[in-house]
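We count residues from 1, following the sequence as given. Indexing begins at 1, ligand by ligand and atom by atom, following the structure's order. Any value given below was found using the heavy atoms of this structure, including those in side chains, with hydrogens, waters and symmetry copies removed.
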Amino acid sequence: AKTAGRNCHKYFEPKMNSWSKQRLEISSRLRKAISDNEFTIHYQPLLCLKTNKVVGGEALIRWFNKEEGITPPDRFIPLSEENGLIVRIGDQVTEMVFATVVRWSLYWEEEFRIALNISARELQEANFVDRLTQQIKKYSVKKSAIEIEVTERLLLDNRTQSVKNLLKLSSLGIRLSLDDFGTGYSSLSYLQKYPFSTLKLDRSFLKLVPHNEKSAALSSSIIHLAHSLGFEVIAEGVETQEQYEFLKAEGCDIAQGYFIAKPMSVEEFENWMDQCGG
Ligand code: C2E
Ligand code: CA
Ligand code: CA
Ligand code: CA
């Protein structure tokens, strides 16, 4: 095994070098992106399956740079979590989202909310809630208009600071949503332990729905279980009419996905709302 290990090491070395070189490059580009304000936010509608009305949206970061074009979040969010830049990126995201939420609040119905994605790393910061509260005050955002999405991956390490922050957020009246539910780390005990109000069923569940019986049974069981525990359920990655009908029939609360609309710029979202918002 030792020899194999050595061989493997040699074999993988060149690749690792180019990988880490690439990461270094992205890291320095990220620093520049933060100071040059290269991030924007796209919004994807959340559709209530009972009323067929849009009840809000999820804010998703977009990084555009003239030379490099668009870099998708999956290529820089995990990295910025590792090198800590996510804290500054998250601040910028929050500022941009709050500025938009305040403007939109003038037109919305009571229940409208915008969901923000927060990384594990951000939630581990001792002053996370204080900083967020300051931003809320600065923009006079209604707390009921924001929802915070955290992935269940995050809860795995069970850091006391993260747990404290979740409890603080919930006691402030900010809704918490458990993202990517069912992606392999899930534990139903999270739902009992932490103050979530919403569960986001990961899109991997819906992939085979409704044609695969087991996938369908699994999805509907999770919806019913979540409801019996008092959680709201949002299904992610709804791409087809069939999935939409299935979710509606199963009593799922909210649908999000390409079947309804892709994530859109502020302007696109506003136009789309005028035409399809219900
Ligand atoms: P997520 O939170 O699970 O976000 C949903 C992802 O699914 C988005 O990818 C969205 O564009 C995509 N999506 C929506 N509908 C469909 C569909 O019908 N089919 C398929 N195949 N995909 C769909 P996106 O925007 O590339 O974001 C990827 C991930 O990056 C997000 O996953 C989230 O974990 C992270 N992320 C995005 N924005 C932020 C942010 O502002 N802060 C942090 N910390 N993470 C973010
Ligand atoms: Ca999310
Ligand atoms: Ca998700
Ligand atoms: Ca995800």
Side-chain angles (χ1 to χ4, degrees), residues 30 33-34 37-47 54 56-64 70-101 113-125 128 132 135 146-155 162 165 175-186 196 198-209 222 233-244 246-247 254-266 268-269 272:
L30 267 175
I34 293 169
N37 295 310
E38 289 176 355
F39 302 109
T40 53
I41 307 295
H42 278 196
Y43 294 87
Q44 188 176 33
L46 300 169
L47 184 77
V54 176
E58 178 176 2
L60 295 156
I61 192 170
R62 295 291 176 261
W63 178 15
F64 181 79
I70 290 170
T71 309
D74 289 337
R75 282 201 54 206
F76 69 89
I77 293 287
L79 181 65
S80 60
E81 285 169 354
E82 283 169 40
N83 62 24
L85 290 175
I86 191 65
V87 177
R88 287 164 67 199
I89 296 173
D91 269 346
Q92 292 195 354
V93 169
T94 310
E95 295 271 339
M96 288 186 275
V97 170
F98 284 4
T100 303
V101 167
R113 64 297 182 63
I114 292 295
L116 273 166
N117 290 286
I118 300 295
S119 293
R121 180 64 188 266
E122 294 174 78
L123 208 65
Q124 283 160 14
E125 299 283 306
F128 175 77
L132 190 78
Q135 287 172 310
I146 44 182
E147 183 160 75
I148 286 193
E149 296 192 2
V150 296
T151 69
E152 52 180 13
R153 229 175 327 142
L154 149 82
L155 304 174
S162 313
N165 282 340
R175 299 161 55 94
L176 299 175
S177 165
L178 184 55
D179 205 352
D180 303 337
F181 185 83
T183 44
Y185 305 96
S186 55
F196 290 105
T198 305
L199 179 159
K200 292 192 85 171
L201 186 63
D202 191 73
R203 68 166 176 269
S204 55
F205 278 95
L206 275 190
K207 264 196 187 136
L208 302 171
V209 167
I222 294 175
V233 183
I234 300 181
E236 302 188 302
V238 182
E239 294 182 352
T240 68
Q241 171 103 33
E242 280 175 319
Q243 291 170 339
Y244 167 87
F246 169 84
L247 292 164
I254 291 169
Q256 177 184 1
Y258 299 159
F259 177 67
I260 295 130
K262 294 206 165 174
M264 297 171 278
S265 69
V266 170
E268 289 167 336
F269 189 92
W272 185 88

Please determine whether a side-chain nitrogen of the Lys or Arg among K200 and E147 lies less than 4.0 Å from a carboxylate oxygen of the Asp or Glu. no
Should you measure from each heavy atom of E58, which atoms of ligand 1 turn up under 4.0 Å away? 2 (O), 4 (O)
Non-hydrogen atom of K262 closer than 4.0 Å to ligand 1: no
Kindly determine whether F269 and I41 satisfy side chain to side chain contact (heavy atoms under 4.5 Å, CB included), including the steps that lead there. CA-CA 11 Å; F269 189 92; I41 307 295; over 6 Å; no
Could you give me the CA-CA distance, side-chain angles and deciding distance for D180 and E236, then say whether side chain to side chain contact (heavy atoms under 4.5 Å, CB included) is met? CA-CA 8 Å; D180 303 337; E236 302 188 302; 3.6 Å; yes
Can you tell which of I260, L123, L60, T240 gets a heavy atom nearest to atom 31 (C) of ligand 1? L60
Does E236 come within less than 4.0 Å of ligand 1, judged by its heavy atoms? yes
Any idea which N/O/S atom from E58 gets closest to the Ca ion (ligand 2)? OE2
Taking a cutoff of less than 4.0 Å between a non-hydrogen atom of the residue and any ligand atom, is P72 in contact with ligand 1? no
Please could you name the atoms of ligand 1 that D74 approaches to less than 4.0 Å, counting only its heavy atoms? 28 (C), 29 (C), 30 (O)
Indicate whether the side chain of E125 and that of N165 have a donor and an acceptor atom separated by less than 3.5 Å. no
F128 meets the ring-ring contact (aromatic ring centres under 6.0 Å, His included) criterion, sequence neighbours left out, with none
Parallel, tilted or perpendicular: which one describes the rings of W63 and F76, with boundaries at 30° and 60°? perpendicular
I'd like to check which ligand 1 atoms, numbered from 1 as shown, lie under 4.0 Å from a non-hydrogen atom of P263. 11 (O)
Consider side chain to side chain contact (heavy atoms under 4.5 Å, CB included). Of I148, I86, L132, which one does I118 pass it with? I148
The Ca ion (ligand 2) to D179: nearest N/O/S atom name: OD2
Hey, could you give me the CD/CG distance between E149 and L176, rounded to the nearest 0.5 Å? 10.5 Å
N or O pair under 3.5 Å between E239 and ligand 1: yes
Any idea which atoms of ligand 1 are less than 4.0 Å away from a heavy-atom of E122? 44 (N)
Run the numbers on E81 and I77 for side chain to side chain contact (heavy atoms under 4.5 Å, CB included), then give the verdict. CA-CA 6 Å; E81 285 169 354; I77 293 287; 3.6 Å; yes
Considering V93, L206, I118, N117, which one's heavy-atom position lies nearest to atom 46 (C) of ligand 1? N117
Within the 4.0 Å heavy-atom shell around Q44, which atoms of ligand 1 are there? 14 (C), 15 (N)
Would I70 and F64 satisfy side chain to side chain contact (heavy atoms under 4.5 Å, CB included), going step by step from the backbone distance to the final call? CA-CA 5 Å; I70 290 170; F64 181 79; 3.7 Å; yes
Backbone of D91 reached by a side-chain donor or acceptor of Q135 within 3.5 Å: yes
With heavy atoms and a 4.0 Å threshold, my read on which part of M96 contacts ligand 1 is neither
Of the choices T94, D179, L116, which has the non-hydrogen atom that lies closest to atom 1 (P) of ligand 1? D179
Counting distance only, does the side-chain N/O of Q92 pair as donor-acceptor with the main-chain N or O of I34 below 3.5 Å? yes
Can any side-chain N or O of E242 pair as donor or acceptor with the backbone N or O of V209 at less than 3.5 Å? no
Can you tell me which portion of V238 lies within the under-4.0 Å heavy-atom range of ligand 1? Options are side chain, backbone, both, or neither. backbone
Which residues pass the side chain to side chain contact (heavy atoms under 4.5 Å, CB included) test with L208, sequence neighbours left out? N212, S215
The atom of E149 among N, O or S that is nearest the Ca ion (ligand 2) is OE1
Using non-hydrogen atoms of the residue, decide whether H42 is closer than 4.0 angstrom to ligand 1. no
G257-ligand 1 polar pair, N/O distance under 3.5 Å: no
If we only consider heavy atoms of Q256, is any one of them less than 4.0 Å away from an atom in ligand 1? no
Under 4.0 Å from ligand 1, counting heavy atoms only, is it the side chain of S119, its backbone, both or neither? both
Considering distance alone, does some N or O of E81 sit under 3.5 Å from an N or O of ligand 1? no
What do we get for R203 next to ligand 1 when only non-hydrogen atoms under 4.0 Å count, side chain, backbone, both or neither? side chain
Between the Ca ion (ligand 2) and D180, is there an N, O or S atom separated by less than 3.0 Å? no
From the Ca ion (ligand 2) out to just under 3.0 Å, does an N/O/S atom of N117 turn up? yes
Give a yes or no on whether the backbone of Q243 and the side-chain of T240 come within a donor-acceptor separation of less than 3.5 Å. yes
Flag yes if more than 12 heavy atoms outside R62 fall under 6.0 Å of its CZ atom; otherwise flag no. yes
Using heavy atoms and a threshold below 4.0 Å, how should the contact between D180 and ligand 1 be classified: side chain, backbone, both, or neither? side chain
Output the atom name for the N/O/S atom of E236 with the smallest distance to the Ca ion (ligand 3). OE2
